[in-house]
There are 2 protein chains.
Amino acid sequence: MTDVVTPPTSPVSRERSKEIKRLSVISTARQVRMLSRAELTELTGLSPATLTPLVRELIAEGYLIERGPGTSRTGRPRAMLEFNPRAELVAAVSLEPSRISCEIADSDGAVIAHRTVRLTGDIVDTICRFVPELAGDGLSALRGVAIAAPGVSSGGAVRLAPSVGLVEARPVGESVQQRLGVPVVVDNDVNLMAAGEHAAGAGSDVADLLLLHVADGIGAGLVLDGQVRRGAGGAAGEVGFLPLDPADRGHDGIGPFEARWSENAVAERMVALAPGRRPDSPVAALVELAATDERAAAYLDELLTAWARLIVSCVCVIDPGRVLLSGAAAQLDDAAVARLQTLVTAAAPSHTEVRRAVLGDRAVLHGAVSYALSAAAAAGLPTP
Amino acid sequence: MTDVVTPPTSPVSRERSKEIKRLSVISTARQVRMLSRAELTELTGLSPATLTPLVRELIAEGYLIERGPGTSRTGRPRAMLEFNPRAELVAAVSLEPSRISCEIADSDGAVIAHRTVRLTGDIVDTICRFVPELAGDGLSALRGVAIAAPGVSSGGAVRLAPSVGLVEARPVGESVQQRLGVPVVVDNDVNLMAAGEHAAGAGSDVADLLLLHVADGIGAGLVLDGQVRRGAGGAAGEVGFLPLDPADRGHDGIGPFEARWSENAVAERMVALAPGRRPDSPVAALVELAATDERAAAYLDELLTAWARLIVSCVCVIDPGRVLLSGAAAQLDDAAVARLQTLVTAAAPSHTEVRRAVLGDRAVLHGAVSYALSAAAAAGLPTP
DNA sequence: CACACTTCCTTCCTACGGCGAACGAATTAT
DNA sequence: ATAATTCGTTCGCCGTAGGAAGGAAGTGTG
């Protein structure tokens, strides 16, 4: 009857505050890996008296494992506690055209199980059968699922999604969430990569970054103040649409910039520069060729100039402080990256560091882990 | 001795949770203005038993005022409580070249006192003398101070700041904070405007927006997920530096885009189009002239096209969903705004609404109120 | 006009979590 | 051995949250 939309839950119910402490201890333990109760007192600010029963609880639940006594100069040695990454598992599902790949990882991002299958039948069905099967007896530790889809975003912008038969992102997420009973996040792959590099890669030391992913198209993932930002319609980072050259024209959901400067475009140019079969890694091939071929060198510089303008444009809008090159852009060698850095520094209004992303293919997985863990945390702790 | 950097305060001390409830009640009351305890139970989720003493406390402190019984169909009438905006005052200080203007406002943004003085001597001194003087006996209700400086940002980017003799933003904020004993926020005026429009203007219904402010330069303020985002170095929104046309060149801290398309540039062009004295509001003058003069109409369209490209660039990066035109850009008439909307829609990858900002000069004030209130809230509730 | 009824607010009381303090435990220094 | 030192635990007080019950203040109805 009274179907309250916002169940007017108390902002500070009693259990909530306990939950907060639990999470505080768990996240501290996750970072430090091996610590004693005394260290927990220092790091969390909780009193020893509060910690004793809490730690007991966490040991019982498998989050912490009691190890032998540690070292100490004098006094009673501290009983060490080890964080058990296996206590929290997440599933990262990656939708690709006609395939689904799934990985079960612990909270370190260590892959415990993975498999790839050809997509047959309903996506939701496949995922809901697949994940529990892979997780095995670790299913009870599953804390969240992150689904990466190319070019799709939570808002339902379905630019590239039809290629995987995904019409709308949200329903898939909700269906899976209902059937598996754990939080599910759906996001596009570039956002997940950005989250991954932020959590465990070349951006783990900063709160803001922009990941520029060059592939068939060009997209960016945006982390501001430690969070992936998707924009109002989930279309943040569609930098392939930047109108940097009035002469460029996009078409059919391809932006004007990416039409001219994506990996595809480079591949086509490479065929002209070095007749033969189309290279698998055109950017890497271009960098190599540029060392000996003047025309290639000129084109490389043209490419770097274009990418630099793209980066500068992003920097002017959001000032990420750090830009990570991903996908084909990560194939640039040191000299090319340095050249890009120089071009960016010359035109950007604020200090910006240009680096290669470091996680490569594993970025999506790490992002999924990070998403799923924070989704799990958010589920236990609804925003007040 | 043990000078702990992060005083390892407990994440959930006892007082904290009480503070959370207080804030929850206060913010609810601020929104609803006039409500009963029964409504508070519904809206906050707190039990009546918890509310009784809390409300009593708030009445004693002047946050709430008990009014007569309200209407009710049947049963005991609810005793109405009115939120007292005067219970929380904020000071908004605006630094301009050679002047300081200060306003004391209540939490509705209603100005209680204001004054402008010529800047003489030390900025910090002036502010610290000025604010208490204006606040008078309301000083005890002062919850925060927001200082707006042109072009300066929290990171210490001092592009335009030398004009007000401000070498570094942070020390000023900290000094004032120490001497006045309330939270102080320093930010650039465009960010404050964005916050103001978000809190009380044309963006109060959305969580994301971009405010494009055209004046001598061109800057943008960015609200994402309900918060003003400043970027890693505080230089987010420096869209005047966007390299949209390789031919444009910036100089001396002026970006390439704003060098050509700012209010200044329009003013110069207007002198050529309509010889005479330089108009005070060149954009308004241009719009007016364009109705009768073909060359002016052509230039107006050129200008709108340039601004549209600027907006589309921002949209591609962050997808704000709504763009507010401020400063000189707010002088466009409905037809021009519609034209801009059309141009943006044609090129942007996501749905974006273009509107005029509505607060005008008062935007900075409202932003300051919003900043100061949330700074006060944050001070009472350090991030766990 | 009395009575029931409804709704609102308050007071009483209990439960429970946080944390200070005292205490037992385990080791090194003397 | 004994003292010293550091760790971890148990005890018990305190304070807050919230359930339950009761008083308060109206409206409808016989």
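Throughout, a chain's letter reflects where its sequence line sits, starting with A, and its residues are numbered from 1.
Using a cut-off of 4.0 Å between Lys/Arg side-chain N and Asp/Glu carboxylate O, Arg30(B) and Asp108(B) are scored as not salt-bridged.
Rounded to whole Å, the distance from CD on Glu19(A) to C1' on dC16(C) is 16 Å. Rounded to a whole Å, the CZ atom of Arg76(A) is 6 Å from the C1' atom of dA26(C). In this structure, Leu51(B) places its CG atom 11 Å from C1' of dG18(D), rounding to the nearest Å. When the P atom of dT10(C) is taken as reference, atom CG of Leu54(B) falls 12 Å away, rounded to whole Å. Regarding Arg37(B), its CZ atom lies at a distance of 13 Å from the C1' atom of dA24(D), rounded to whole Å. Computed from coordinates, the Leu35(B) CG to dC8(C) C1' distance equals 14 Å when rounded to whole Å. Rounded to an integer number of Å, the gap from Glu66(A) CD to dT9(D) P is 8 Å. The distance between atom CE of Met80(B) and atom P of dC8(C), rounded to the nearest whole Å, is 11 Å.
Remark: Thr74(A) is not in phosphate contact with dT28(C), judged by side-chain N or O atoms under 4.0 Å from OP1 or OP2. Proximity of Arg56(B) to the phosphate of dT11(C): a side-chain N or O atom is located under 4.0 Å from OP1 or OP2. The side chain of Arg78(B) places no N or O atom within less than 4.0 Å of a non-bridging phosphate oxygen (OP1 or OP2) of dG26(D).
Nearest nucleotide to the Ser47(A) side chain, out of dC8(C), dA25(D), dC19(C): dC19(C). Which of dG18(D), dT27(C), dT9(D) sits closest to the side chain of Leu46(B) comes down to dG18(D). For Thr52(A), the side-chain atoms get nearest to dT9(D) when compared with the rest of dC9(C), dT9(D), dG26(D).
Residue Val223(B) is tested with Asn191(B), Asp208(B), Leu209(B) for a side-chain contact (heavy atoms from CB on, under 4.5 Å); the sole match is Leu209(B).
Using a 4.5 Å cut-off on side-chain heavy atoms (C-beta onward), Ile112(B) and Leu89(B) make contact.
At a threshold of 4.0 angstrom between heavy atoms, the contacts of Ala49(B) include nucleobase atoms, whether or not backbone atoms are also involved.
A donor-acceptor pair shorter than 3.5 Å cannot be found between the side chains of Asn84(B) and Tyr63(B).
With hydrogens and angles ignored, the 3.5 Å screen pairs no side-chain donor or acceptor of His198(B) with any backbone N or O of Val228(B).
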